Amino acid sequence: MTTAQIGTGLDAAIGDAEARYSAANPASAERYRQACEVLPGGNTRAAIYYAPFPLTFARGEGAYLWDIDGHRYTDLINDMSAGLFGHSNPIILEAVHKAVDDGLTLGGPNQYDVELAGVLAERFPSIELVRFCNSGTEANLFALGLARSATGRSKVLGFHGGYHGGAFSDPGSSSALNVPYLIAAPYNDTAGTLEIIEREAHDLAAIVIEPMMGGAGCIPARPDFLQALRDASRRHGIVLVFDEVMTSRLSPGGLQAKYGIVPDLTTMGKYIGGGLTFGAFGGRRDLMEHFDPRRGDALSLGGTFNNSATTMAAGATAMTRVLTPEACVNLNRHGDALRERMNRAASERDLPVQVTGVGSLMNVHFQRQPIASPADIVAANRRFNDLLHLELILDGQYIARRGYITLSLALTSADIEQFVASFERFLDQHGPLIAAVADGPGARG
Ligand SMILES: Cc1ncc(COP(=O)(O)O)c(C=O)c1O
């Protein structure tokens, strides 16, 4: 196939899938039209938009979602990992109902905040003291503010293509929404990163890193790279921050425990609130004590909903009674097995498809070239993720547009079997096109 024929083939396949999708989802299409009248582009959260329009969901139960056109989906994205417990875990729902019955917003310490803080301190090696907030973005904002205050330095080193929230979207970009103090280094490139650290150390307050890049496509950091950051930051008095908003679920003590590398501060969010709005950061006692209100020179950090009783109740219950260390290990074992099966399905068909990730977080990529950093992703092939996403939805399987998959505790082995069968059907149906384009001329972009 020539490059032009390949492009036409992919356009036609996506166009055909979009037409079937639109025909099957008139209520979501109409809802999107209404949304565009009051929300910019019909959207209030970048990650949940996709063309031609996103599905509007009516409800979720267990491992399933129902859209307003009445279709049922197996949920394999689980709100970008926040829905680790599924949609209706009875133990968590009971805790939430009790907290709601006890009063919506109490405005003081409550019965649950200490318990949740205790679990985090017990499980995550870096956490001696913890502070709650309302999102992963806030967690990073405050952790990095603390580092800047404690060191008296101004800059923060992140990594090209990384994501730490709405104000930290690709530290290597010039987004006007980003905080102004970010500089960026190449992920998993030890020599390149150490060179920047040496050059900037005098004014470098913190290094912030996802131990596995999530939004960029589930790209794990090499442990020796993380160790080099640990050593260099210690040498220069730089605060090392692990953003474990996504990865804290990858072992009972997060990736820091799995790799045995302890940062100074850790930021968290997503599922730890049991499915409710959540953020937290914690770490070294001497750093976190800057927030001690009994100190005359304390950093004053407010937040109306920081210890919302409903979130604290849901989170404390979820982390002690549902996501026990055993349940966490088991979930990640299922994730490893699924990733291996998907990779095997691709290699048996000799297709340039790989699924990257660790445990229960993974991402499908349409290329053979190994991916050690976002720069290794073949940009032109991302359109295959559009096709995969639409075809899976039409088959009752819900993943993220970018090929991201996260498992929940509610998924059964029958759900996983059906998903693998659906993925294999996609590979069989579009195999010749995938083989031609993904390895074809000009694929790198
Ligand atoms: C690694 C990482 N950090 C921070 C955030 C921001 O969290 P939130 O969306 O709760 O602000 C995210 C969200 O996807 C994330 O993946």
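Read the numbers this way: they start at 1 and go in the same order the structure lists the ligands and their atoms. Everything numeric in this text was worked out from a predicted model, so none of it was measured.
The closest donor-acceptor contact from the side chain of Asp75 to the backbone of Ile77 lies under 3.5 Å.
Residues Tyr64 and Phe57 keep their aromatic ring centres 6.0 Å or farther apart. Between Phe278 and Phe305, the distance from one ring center to the other does not fall under 6.0 angstrom. Between Tyr259 and Phe242, the gap from one ring centroid to the other reaches at least 6.0 Å.
A distance limit of 4.0 angstrom between heavy atoms and ligand 1 selects the residues Ser135, Gly136, Thr137, Asn140, Tyr163, His164, Gly165, Glu210, Asp243, Val245, Met246, Lys270.
For the pair Arg382 and Phe366, the NZ or CZ position fails the cation-pi test of under 6.0 Å to the six-membered ring centre and within 45 degrees of the ring normal.
Between Thr247 and Glu210, every side-chain heavy-atom pair lies at or beyond the 4.5 Å cut-off.
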